[in-house]
Each structure stands twice: as C-alpha cells, then as structure tokens.
Amino acid sequence: MAMRKSNKLAQTAVLKQILKKWSSLGLKKLQEEEELPVDVPKGHFVVYVGENRSRYIVPISFLTHPEFQCLLQLAEEEFGFHHDMGLTIPCEEVVFRSLTAMLRC
C-alpha cells in the first residue's frame with residue numbers, strides 16, 4: 001500500500017511539473033498575442049491532436065486520469081517543452097476521441 005501511495009505521489013509531482021512548464025509557455029505566447037481564446041470555457045484547456053493538428057477543448061479534470069497523463073508524457077517525449085505550436089498530443093484522432101469519451105463517463 002505504501003509503495004502504491006508513493007508511486008501516485010511521484011506521478012502527481014511529475015504531472016504538476018509538466019503542466020507548470022506547458023502553462024508558462026502558453027502564458028508567454030498569450031501575453032505576446034495579447035488575446036485570450038474566447039471559445040475556451042473556464043476549467044478547460046486546448047490540445048491539438050493527430051496529423052492535422054485538430055483542436056480539442058478538454059476539461060481540466062482529465063489531468064487526473066492516468067490515461068490522459070500518459071498522453072501528456074508522450075507529448076513531452078516527442079515535442080519537449082519548447083514547442084511553439086500549442087500542446088500537441090501525438091496520437092491518432094480516433095484514439096483520442098475514444099479515450100476522451102471514456103473519461104467523460
């Protein structure tokens with residue numbers, strides 16, 4: 001049980017670090033553009049998915065799901081934190097839509 005809690009705390013710390021880096025990069029870009037996206041409701045964020053970089057607005061609550069955390073780690077591995085094209089998830093759109101449909105239930 002202690003091992004499981006320790007692992008969960010480590011995952012949470014890594015996730016917070018990833019989000020902090022992505023958020024700070026996003027804020028810099030928004031400050032440069034001096035405009036906020038009007039179609040993103042409070043409590044949501046934007047990701048780009050697939051080869052065509054389709055734009056999706058997802059709830060922040062997805063960040064607590066291990067499956068979504070895996071997607072964020074893949075994005076970090078593939079693009080790093082200095083990627084100027086927004087938070088891009090490296091998976092096929094059909095897979096992303098299927099995963100988010102499961103997370104919404």
Side-chain angles (χ1 to χ4, degrees):
M1 183 82 162
M3 181 67 142
R4 188 177 242 186
K5 186 173 184 177
S6 172
N7 189 23
K8 194 168 196 166
L9 290 173
Q11 286 178 341
T12 302
V14 169
L15 179 60
K16 285 182 180 178
Q17 182 183 16
I18 291 170
L19 290 174
K20 185 176 180 181
K21 288 181 181 179
W22 278 107
S23 295
S24 66
L25 291 174
L27 286 176
K28 286 179 190 173
K29 186 172 177 90
L30 285 174
Q31 288 171 349
E32 291 169 6
E33 295 173 359
E34 294 187 18
E35 60 183 67
L36 295 171
V38 295
D39 64 335
V40 181
K42 186 175 182 175
H44 291 72
F45 63 102
V46 175
V47 295
Y48 298 92
V49 180
E51 208 171 287
N52 296 325
R53 294 193 71 245
S54 297
R55 185 175 186 259
Y56 290 88
I57 299 171
V58 296
I60 289 175
S61 63
F62 282 8
L63 298 174
T64 61
H65 295 277
E67 296 85 358
F68 199 84
Q69 291 173 11
C70 287
L71 291 178
L72 291 175
Q73 288 174 343
L74 286 174
E76 177 191 10
E77 291 169 7
E78 184 155 333
F79 303 114
F81 292 115
H82 301 291
H83 182 64
D84 60 351
M85 297 181 71
L87 177 52
T88 304
I89 304 292
C91 74
E92 295 179 21
E93 283 185 71
V94 67
V95 173
F96 183 80
R97 285 194 306 267
S98 176
L99 173 67
T100 55
M102 284 184 353
L103 296 178
R104 289 184 198 277
C105 295

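We're numbering straight along the sequence, starting at 1.
In plain terms, the two heavy atoms of E67 and L103 that are nearest each other are OE1-CD2, 4.0 Å.
You'll find the side chain of R55 reaches within 4.5 Å of the side chain of I57, heavy atoms only. V58 has its side chain out of reach of V46: every pair of non-hydrogen atoms, C-beta onward, lies at least 4.5 Å apart. Proximity of P59 to R104: side-chain heavy atoms (C-beta onward) are separated by under 4.5 Å at one or more points.
V95 and M102 fall into different hydrophobic clusters, defined by Ile, Leu, Val, Met, Phe, Trp and Tyr side-chain heavy atoms under 4.5 Å apart, directly or through other members.
For C70, there are no side chain to side chain contact (heavy atoms under 4.5 Å, CB included) partners two or more places apart in sequence or in a different chain. Remark: S54 pairs with E93 by the side-chain hydrogen bond (donor to acceptor under 3.5 Å, both in side chains) rule, at least two apart or across chains.
Rounding to the nearest 0.5 Å places NE2 of H44 at 15.0 Å from OH of Y56. Within the model, atoms CZ of F79 and OG1 of T88 stand 5.0 Å from one another, a figure rounded to the nearest 0.5 Å. Once rounded to the nearest 0.5 Å, the distance linking CZ of F62 with CG of L71 reads 10.5 Å. E78 CD to Q73 CD: the interatomic distance, rounded to the nearest 0.5 Å, is 14.0 Å.
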Legend entry - side-chain contact (heavy atoms from CB on, under 4.5 Å) between L74 and C91, intermediate numbers included: CA-CA 9 Å; L74 286 174; C91 74; 5.8 Å; no
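Here the side chain of Q69 pairs a donor or acceptor atom with the backbone of L63 at under 3.5 angstrom. Between the side chain of S98 and the backbone N or O of V94, no donor-acceptor pair lies under 3.5 Å.
Ring geometry for F68 versus F45: interplanar angle over 60°, hence perpendicular rather than tilted (30 to 60°).
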